[in-house]
Amino acid sequence: MSLSSLSFDTKPRFALGGPFNRRYPQLNHPRSSLSYSAKRQAISASLSVAADSTATESISRIESLSQVSGVLGCQWGDEGKGKLVDILAQHFDIVARCQGGANAGHTIYNSEGKKFALHLVPSGILNEDTTCVIGNGVVVHLPGLFKEIDGLESNGVSCKGRILVSDRAHLLFDFHQEVDGLRESELAKSFIGTTKRGIGPCYSSKVIRNGIRVGDLRHMDTLPQKLDLLLADAAARFPGFKYTPEMLREEVEAYKRYAERLEPYITDTVHFMNDAISNKKKKVLVEGGQATMLDIDFGTYPFVTSSSPSAGGICTGLGIAPRAVGDLIGVVKAYTTRVGSGPFPTENLGTGGDLLRLAGQEFGTTTGRPRRCGWLDLVALKFSCQINGFASLNLTKLDVLSDLNEIQLGVAYKKSDGTRVDSFPGDLRLLEELEVEYETLPGWNTDISSVRNYADLPKAAQQYVERIEELVGVPIHYIGIGPGRDALIYK
């Protein structure tokens with residue numbers, strides 16, 4: 001069955017206890033000695049833009065981005081942020097993660113088309129002139145970090161001297177992951193649908209002030225007492241968590257080894273970032289994990305992550321001043337997806353959602369879980385743009401819609417009495433009662449994956465892009481039409 005033959009079910013379904021609660025299966029380093037002109041030529045080649053004038057314009061646009069710029073998700077994550085970060089990183093000295101942990105999954109491809117799935121290491125790592133910073137707002141699972149580093153090194157990507165880990169970042173232990181699973185089981189039908197990577201429990205430890213930070217690994221004499229406090233607290237809270245003295249001994253021994261290996265990476269990243277910005281005039285690109293609609297304050301609480309993936313998380317997660325932050329780029333899919341539990345107003349629960357999932361290969365990078373799929377929700381997108389103040393947007397996966405005869409945009413929310421709701425509500429009770437008003441646009445019924453110039457897109461595809469710009473009020477400067485580095489249109 002093709003996407004064009006579908007009859008789409010567009011009725012919103014998201015009552016509490018209903019479908020959205022179901023579980024789905026599943027240090028500075030030497031810069032390159034290339035001259036500016038040679039580097040410009042190399043970048044132009046990697047972008048693979050057909051016309052010289054288009055290449056020049058795209059490079060000029062990227063190079064005009066602010067000294068401190070950021071790439072953040074607009075929806076419920078999985079928008080394709082890693083690819084844009086990977087491309088933009090060629091023009092930045094530093095790429096920094098400011099929040100989240102290994103629950104973030106960024107899939108990127110190198111110039112040879114090899115796929116890399118990253119979770120903690122910033123996506124700028126494939127660009128050899130880029131320093132990657134894991135900021136104080138990130139929670140770090142060391143076994144996972146070292147596994148990523150080993151995988152990169154084995155594939156010819158040098159990490160030595162290129163990854164800095166904040167001494168203020170909190171350590172995420174294996175038992176945090178176990179507690180995450182116990183917490184989900186305890187919630188029964190109202191579970192959050194987390195990745196079970198221990199993110200929530202680790203942030204909980206941080207907030208109640210018994211967490212352990214990266215810098216604590218430099219004081220191994222006090223680590224056993226701190227770990228004992230953490231483990232005993234987990235055992236007291238969850239009867240299913242079995243804590244033994246042997247567990248403590250094994251964990252301490254393991255972290256003695258980790259501490260030795262991590263030492264070259266540990267940095268006062270607050271000083272490093274501020275010195276790089278103010279004194280060395282380095283260009284910084286911030287890579288957000290998750291997305292605004294999962295923000296602990298602004299997302300669909302409690303079905304959210306445990307950090308701030310919106311603009312405010314940049315300052316608190318890296319220790320840089322708000323006035324230093326410039327251009328922010330929001331990444332949004334041409335449709336909408338969500339993993340795990342939580343309300344999803346434009347979700348398509350019929351065959352259409354299934355086929356969008358298959359066409360877009362919508363399965364989680366971190367968990368492999370099938371993503372829930374539906375039409376682009378412009379109410380949520382406008383809300384996200386309002387919170388973050390995006391200078392521009394990156395619309396990804398436009399090619400996934402290519403087989404559709406018609407495409408719908410969720411343009412407004414209405415109460416049962418017809419009253420419009422002007423913004424994305426924080427009240428889930430209200431949210432479950434809302435109906436979505438849709439606008440139907442024509443499809444283009446042709447493969448666009450080889451298009452590299454905006455003018456060469458079918459008129460219907462241009463109409464779709466421009467209608468989004470018109471309704472949201474933010475320009476779309478980047479359009480993704482495939483997974484590769486070169487599959488990007490600069491508008």
Side-chain angles (χ1 to χ4, degrees), residues 27 29 82 86 94-108 110 114-128 130-178 180 195-199 201-203 205-206 211-220 223-224 226-227 230 247-269 272 287 289 365-368:
L27 313 151
H29 56 88
D86 173 45
I94 298 166
V95 175
R97 276 281 306 275
C98 60
Q99 45 71 226
N103 55 337
H106 296 162
T107 301
I108 55 177
N110 66 9
K114 184 173 180 59
K115 179 179 176 180
F116 293 84
L118 303 176
H119 302 279
L120 279 167
V121 176
S123 299
I125 195 67
L126 296 190
N127 296 280
E128 62 182 16
T130 303
T131 297
C132 293
V133 172
I134 297 175
N136 58 274
V138 180
V139 289
V140 183
H141 181 243
L142 290 184
L145 175 62
F146 291 139
K147 182 179 179 180
E148 277 187 54
I149 291 172
D150 291 341
L152 288 162
E153 294 277 5
S154 66
N155 282 284
V157 180
S158 175
C159 297
K160 186 176 181 180
R162 298 186 53 221
I163 299 176
L164 308 180
V165 181
S166 173
D167 57 354
R168 292 175 168 89
H170 276 249
L171 291 169
L172 189 154
F173 295 91
D174 288 345
F175 80 85
H176 281 128
Q177 298 178 346
E178 184 178 347
D180 208 350
T195 59
K196 296 186 181 178
R197 293 299 179 96
I199 307 301
C202 186
Y203 276 114
S205 297
K206 174 179 179 176
I212 299 176
R213 305 203 293 185
V214 166
D216 293 328
L217 295 179
R218 288 173 163 163
H219 308 286
M220 294 305 296
L223 184 66
K226 291 179 178 179
L227 260 174
L230 265 181
M247 180 189 297
L248 176 62
R249 282 193 295 270
E250 290 176 356
E251 199 79 329
V252 169
E253 288 304 312
Y255 274 81
K256 284 180 180 178
R257 297 189 297 270
Y258 293 147
E260 185 176 352
R261 183 175 179 184
L262 190 67
E263 178 56 38
Y265 299 88
I266 301 175
T267 306
D268 180 350
T269 58
F272 175 85
E287 174 183 28
T365 303
T366 297
T367 63

Visitor: Which heavy-atom pair separates Pro224 from Met220 by the least distance, and what is that distance?
Guide: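 Residues Pro224 and Met220, closest heavy atoms: CD-O, 3.2 Å.
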Visitor: If you look at every heavy atom in Val138 and Tyr203, which pair is closest and at what distance?
Guide: CA-OH, 4.2 Å
Visitor: Check step by step if side chain to side chain contact (heavy atoms under 4.5 Å, CB included) holds for Val140 and Leu262.
Guide: CA-CA 11 Å; Val140 183; Leu262 190 67; over 6 Å; no
Visitor: Hey, does the side chain of Arg218 reach the backbone of Glu263 with a donor-acceptor pair shorter than 3.5 angstrom?
Guide: no
Visitor: How far apart are the closest heavy atoms of Ala102 and Arg197, and which atoms are they?
Guide: O-NH1, 3.6 Å
Visitor: With a 4.5 Å limit on heavy-atom distance, are the side chains of Ile125 and Thr130 in contact?
Guide: no
Visitor: Can you check whether Ile134 reaches Ser166 side chain to side chain, under 4.5 Å on heavy atoms?
Guide: no
Visitor: Check each of Asp167, Val214, Ile149 against Tyr265 using the side chain to side chain contact (heavy atoms under 4.5 Å, CB included) test, and report the only one that passes.
Guide: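 Testing Tyr265 for a side chain to side chain contact (heavy atoms under 4.5 Å, CB included) against Asp167, Val214, Ile149 leaves exactly one candidate, Ile149.
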Visitor: Could you tell me the separation between the OG1 atom of Thr269 and the CZ atom of Arg97, rounded to the nearest 0.5 Å?
Guide: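 Spacing of OG1 (Thr269) from CZ (Arg97) equals 13.0 Å.
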Visitor: Quick check for you: to the nearest 0.5 Å, what is the distance between Leu217 atom CG and Ile266 atom CD1?
Guide: 5.5 Å
Visitor: Look up atom NZ in Lys147 and atom CG in Leu142, then write down how far apart they are to the nearest 0.5 Å.
Guide: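 Answer for the NZ-CG pair, Lys147 versus Leu142, is 14.5 Å.
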Visitor: Report yes or no: does Asp216 contribute a side-chain atom to a donor-acceptor pair with the main-chain N or O of Arg213 at less than 3.5 Å?
Guide: yes
Visitor: Verify side chain to side chain contact (heavy atoms under 4.5 Å, CB included) between Phe116 and Asp86, making sure each step is shown before the conclusion.
Guide: CA-CA 11 Å; Phe116 293 84; Asp86 173 45; over 6 Å; no
Visitor: Can you check whether Val95's main-chain N or O pairs, donor with acceptor, with Glu287's side chain at less than 3.5 Å?
Guide: no
Visitor: Hey, what's the ring geometry for Phe175 with Phe173, parallel, tilted or perpendicular (30° and 60° as the breaks)?
Guide: parallel
Visitor: Does Glu148 reach the main-chain N or O of Leu120 with its side chain, forming a donor-acceptor pair under 3.5 Å?
Guide: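 At least one qualifying donor-acceptor pair exists.
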Visitor: Quick one: CD1 on Ile94 to CG on Leu164, what's the gap to the nearest 0.5 Å?
Guide: 8.0 Å
Visitor: Evaluate the criterion side chain to side chain contact (heavy atoms under 4.5 Å, CB included) for residue pair Asp268 and Arg168; output intermediate values, then yes/no.
Guide: CA-CA 8 Å; Asp268 180 350; Arg168 292 175 168 89; 3.1 Å; yes
Visitor: Supply the atom-to-atom distance Leu230 CG to Leu171 CG, rounded to the nearest 0.5 angstrom.
Guide: 10.0 Å
Visitor: Going through the checks in order, is the side chain to side chain contact (heavy atoms under 4.5 Å, CB included) test met by His141 and Asp174?
Guide: CA-CA 8 Å; His141 181 243; Asp174 288 345; 2.7 Å; yes
Visitor: To check you understand the geometry: which heavy-atom pair defines the closest contact between Ala169 and Gly135, and what is its length?
Guide: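 Result for this residue pair: CB-O, 3.7 Å.
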Visitor: So which heavy atom on Phe272 is nearest to which on Thr131, and how close?
Guide: CZ-CG2, 4.1 Å
Visitor: Of all heavy-atom pairs between Tyr258 and Pro143, which one has the smallest distance, and what is that distance?
Guide: OH-CG, 3.4 Å
Visitor: Does any N or O in the side chain of Gln99 come within less than 3.5 Å of the main-chain N or O of Gly289, such that one atom is a donor and the other an acceptor?
Guide: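 The answer is yes, because a donor-acceptor pair under 3.5 Å joins these two groups.
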Visitor: Tell me yes or no: between the side chains of His170 and Ser205, is some donor less than 3.5 Å from an acceptor?
Guide: no
Visitor: Is it the case that more than 12 heavy atoms not belonging to Glu260 sit under 6.0 Å from its CD atom?
Guide: no
Visitor: So Glu128 and Arg162, salt bridge (charged side-chain N to carboxylate O under 4.0 Å, His left out) or not? Walk me through it.
Guide: CA-CA 8 Å; Glu128 62 182 16; Arg162 298 186 53 221; over 6 Å; no
Visitor: State, yes or no, whether a side-chain contact exists between Val157 and Asn110 at a heavy-atom distance under 4.5 Å.
Guide: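 Contact flag for Val157/Asn110 side chains = no.
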